[in-house]
S.K.: 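Have a look at this one.
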There are 2 protein chains.
Amino acid sequence: MKTNELCNCSILRSSSSKITSIYDKALSNNGVKVMQYALLKYIYLMKSPNLNELSAALYQDRSTLGRNIRILERMKLVSINTGKDKRQIQIMLTNHGTVTLQEARKAWELVQKKIEIKLGKKKQEQLIEILNDIQSIELKL
Amino acid sequence: MKTNELCNCSILRSSSSKITSIYDKALSNNGVKVMQYALLKYIYLMKSPNLNELSAALYQDRSTLGRNIRILERMKLVSINTGKDKRQIQIMLTNHGTVTLQEARKAWELVQKKIEIKLGKKKQEQLIEILNDIQSIELKL
DNA sequence: AAATATAATGAGTATATACCCATAATATGA
DNA sequence: TCATATTATGGGTATATACTCATTATATTT
């Protein structure tokens with residue numbers, strides 16, 4: 001049995017893990033992880049979305065988002081209110097969340113720039129293009 | 001505040017998540033997820049390694065591996081024995097684990113091939129190269 | 001040989017992820 | 001309007017991940 005070819009999935013998983021730890025470290029002075037930073041950013045950009053909207057924007061499971069949002073709430077970075085439709089929750093940045101986003105933004109820019117330099121402009125662009133391809137893959141299995 | 005540039009990390013995370021779900025589905029008839037398949041494969045290739053060796057090979061945290069291995073043990077795919085050095089655990093495929101690896105291998109080959117076709121040979125190679133670059137990044141932060 | 005250092009692993013804790021089902025609220029149709 | 005369908009979210013459960021600390025076993029040094 002040959003079992004030693006490179007698995008697209010495994011290498012993507014470990015690269016994702018590696019780069020996550022780099023960004024997490026870069027943001028650690030701001031007290032947030034990169035996923036939390038991304039959430040804050042989207043909540044800001046989407047102007048107090050509900051869970052459904054956020055999960056659609058991030059292509060992520062609603063229950064995942066719900067749990068992650070509650071962590072941000074515990075951290076006092078967001079506040080959660082019920083909307084007019086009482087099923088929905090409206091997610092807003094607190095002042096602390098807004099400040100954290102602004103500060104973390106600087107750290108994010110730094111590490112993003114460093115990665116781009118390490119990788120080079122060409123590979124950077126290729127990476128984005130290929131990952132976009134992957135995200136739009138629809139396989140009938 | 002501009003906050004809308006593409007984050008290398010976020011796109012890698014969501015691509016990883018996406019491709020993981022594709023491989024997981026492809027392997028679901030074999031009762032394993034892609035991470036578990038990868039573990040079985042390494043245990044086979046490394047001929048009953050211990051946790052340290054496995055975690056070094058996979059660039060993964062030992063405690064993560066330990067937990068994942070115990071899931072495989074619960075599934076009767078691997079057995080765990082103490083080595084001569086009684087601190088170590090020796091991880092072996094059971095018969096069931098060996099058969100599962102062989103069968104899952106076929107499903108893995110199919111999905112791997114489909115992804116390669118979707119992506120095209122050139123992008124496939126570029127992806128591997130770029131991800132290797134990313135994995136060897138060492139940033140002083 | 002005894003004291004100390006090192007090494008391998010497990011357990012506690014925490015985040016991130018997704019599946020399925022339950023519940024409550026709203027919308028729709030008869 | 002009332003019964004039914006749909007929608008939004010929460011909770012249960014499970015895997016994957018990593019950090020820190022505790023424990024136990026081996027190695028080293030005196």
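Just so it is clear: chains get the letters A, B, ... in the order the sequence lines come, proteins before strands, and each one is counted from 1.
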S.K.: Check this one for me: any side-chain N or O of Arg13(A) less than 4.0 Å away from OP1 or OP2 of dT17(C)?
M.R.: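 Negative; the distance criterion is not met.
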S.K.: Hey, does the side chain of Lys18(A) reach the backbone of Ser136(B) with a donor-acceptor pair shorter than 3.5 angstrom?
M.R.: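 Checked: no pair found.
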S.K.: Can you tell me if Gln60(B) touches the phosphate of dA16(D), counting only side-chain N or O atoms and a distance under 4.0 Å to OP1 or OP2?
M.R.: no
S.K.: Is the distance from OP1 or OP2 of dT17(C) to the nearest side-chain N or O of Asn68(A) less than 4.0 Å?
M.R.: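 Yes, such a contact exists.
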S.K.: Start at the 5' end of DNA chain D and walk down; is the nucleotide closest to Tyr59(B) or to Lys84(B) reached first?
M.R.: Tyr59(B)
S.K.: Under 4.0 Å, counting only non-hydrogen atoms across every strand here, what does Thr20(A) touch: a base, just sugar-phosphate, or nothing?
M.R.: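 Nothing, no nucleic acid heavy atom in range.
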S.K.: For side-chain hydrogen bond (donor to acceptor under 3.5 Å, both in side chains), just list the numbers for Gln124(A) and Asn8(B), CA-CA rounded to whole Å, side-chain angles, deciding distance to a tenth of an Å, and then say yes or no.
M.R.: CA-CA 8 Å; Gln124(A) 164 79 32; Asn8(B) 290 312; 2.8 Å; yes
S.K.: Would you kindly say whether Gln135(B) and Tyr59(B) are connected by a side-chain donor-acceptor distance under 3.5 Å?
M.R.: no
S.K.: Separation of Met35(B) atom CE from dA18(D) atom C1', in whole Å?
M.R.: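 Answer to the nearest Å: 13 Å.
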S.K.: Nearest whole Å is fine: how far is dA18(D) P from Ile69(B) CD1?
M.R.: 14 Å
S.K.: I'd like to know if the side chain of Thr94(B) reaches the main chain of Leu77(B), judged simply by a donor and an acceptor atom lying under 3.5 Å from each other, with no hydrogens or angles considered.
M.R.: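 Pair found, side chain donor or acceptor close to backbone of Leu77(B).
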S.K.: Between Ser17(A) and dA18(D), does any side-chain N or O lie under 4.0 Å from OP1 or OP2?
M.R.: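 Yes, because at least one side-chain N or O of Ser17(A) sits under 4.0 Å from OP1 or OP2 of dA18(D).
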S.K.: Of all the choices, dT17(D), dA18(C), dA16(C), which nucleotide is nearest to the side chain of Thr64(A) once you look at every atom?
M.R.: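 Given the options dT17(D), dA18(C), dA16(C), the side chain of Thr64(A) is closest to dA18(C).
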S.K.: For a quick check, with a 4.0 angstrom heavy-atom cut-off, what is the B/S/- contact string for nucleotides 6-11 of chain C, read 5' to 3'?
M.R.: -BSBSB
S.K.: Using only atom types and a distance under 3.5 Å, with no angle test, would you say the side chain of Glu109(B) pairs donor to acceptor with the backbone of Ala104(B)?
M.R.: no
S.K.: In whole Å, I'd like the distance from the NZ atom of Lys18(A) to the P atom of dA18(D).
M.R.: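 Going from NZ in Lys18(A) over to P in dA18(D) covers 11 Å.
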S.K.: Here's one to test your reading of the geometry: is the NZ or CZ of Lys113(B) within 45 degrees of the ring axis of Trp108(B) and under 6.0 Å from its centre?
M.R.: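 Cation-pi check for Lys113(B) and Trp108(B): fails.
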S.K.: Should the heavy atoms of other residues, nucleotides or ligands under 6.0 Å from CG of Asn81(A) be counted, would the total exceed 12?
M.R.: yes
S.K.: Between Met75(A) and Lys86(A), which residue's closest nucleotide on DNA chain C lies nearer the 5′ terminus?
M.R.: Met75(A)
